[in-house]
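Accompanying notes for the structure given below.
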Amino acid sequence: MNKQLKTRASKVSEGSVDAPPGRRERAKRDKLRRITEAARHLFETQGFEKTTTQQIADVADIGTGTLFLYTESKEDLLIMVFEGEMREQAAHAFSRISESASPVDQICSVFSDMMDYHAKDLMISEVLIKSMVMAPAAEHRSKIHGELMATIFDGLEGIAMGAKKDGIFPKRLDAGVAARTMFSCYYLGLVRWLTGQNTREDFEARLRNQCEQTIDPNGKANKKRARALG
């Protein structure tokens, strides 16, 4: 993981400094904050299915008409509440990986951190992941989703490029394609885990094998480590 990528991940986690907003903008942000806090509280305490948009509006102390100025559906609101948090979790995961670890270990560490996030509430995560795929893509949500995917793909591609420079990742293969392949393996395994088809242990073991086949198919990292140990 290079320093430039870690710096980028740190900036994503910390956010950028904007000019002070005007009164109208502050009012909009305050309403959005109340909406997302109300939705988070209700989703976490009584579950997604039992939560209604009317309840969210009541807890946020706004009318339902006002609520739908900020969100198109309950699924849309679920993504608004949690996807930004997922992006911050991913950025943090990339920022804390060990420089001395093998590329496969680095990737598995990132994915493990992302699993930890979902493990906090498997039922909410299952609905969230389904909604991200199935719900119609509103413009603002597409932007948030794009930022999440860019954080993950840039990080994985950076690891693949580092592995290529170290002679581990095959030079004939494209780092961007490898990044998307590894995320696809992670995502499919995530769905199976969240829906109870696999244990986390099986998920992680299979994912490690898939990452090894993608990034280090000839086991070069292990050979280098063995030589270093004498």
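Predicted, not measured: the structure shown is a model, and the values here were computed from it. Counting begins at 1 with the first residue of the sequence.
Residue M149 qualifies as enclosed at atom CE: its count of foreign heavy atoms under 6.0 Å is above 12.
Taking the charged nitrogens against the carboxylate oxygens, R29 and E25 do have a contact shorter than 4.0 Å, which makes a salt bridge. We find that D30 and R26 are not joined by a salt bridge, their nearest charged nitrogen and carboxylate oxygen being 4.0 Å or further apart.
Annotation for T71 and L77: closest pair OG1-N, 3.3 Å, computed over non-hydrogen atoms. I159 approaches P103 most closely through the heavy-atom pair CG2-O, 3.8 Å.
Using modelled atom types, one finds a donor on one side chain and an acceptor on the other under 3.5 Å when comparing S112 with R200. Q197 and T195 form a side-chain donor-acceptor contact under 3.5 Å, judged by distance and modelled atom types alone.
Screening Q210, R206, R180 against C185 for a side chain to side chain contact (heavy atoms under 4.5 Å, CB included) leaves a single residue, Q210.
Pairs passing the salt bridge (charged side-chain N to carboxylate O under 4.0 Å, His left out) check and including a residue from residues 118-127, sequence neighbours excluded, read E126-K130.
Ring-plane geometry between F111 and Y186 is classed as parallel, the angle between the planes falling under 30 degrees on a 0 to 90 degree scale with a further cut at 60.
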Verdict with supporting geometry, D113 and R96, salt bridge (Lys or Arg N to Asp or Glu O under 4.0 Å): CA-CA 10 Å; D113 280 358; R96 63 185 293 272; 2.7 Å; yes
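Using modelled atom types, one side-chain atom of K74 and one backbone atom of F48 make a donor-acceptor pair closer than 3.5 Å.
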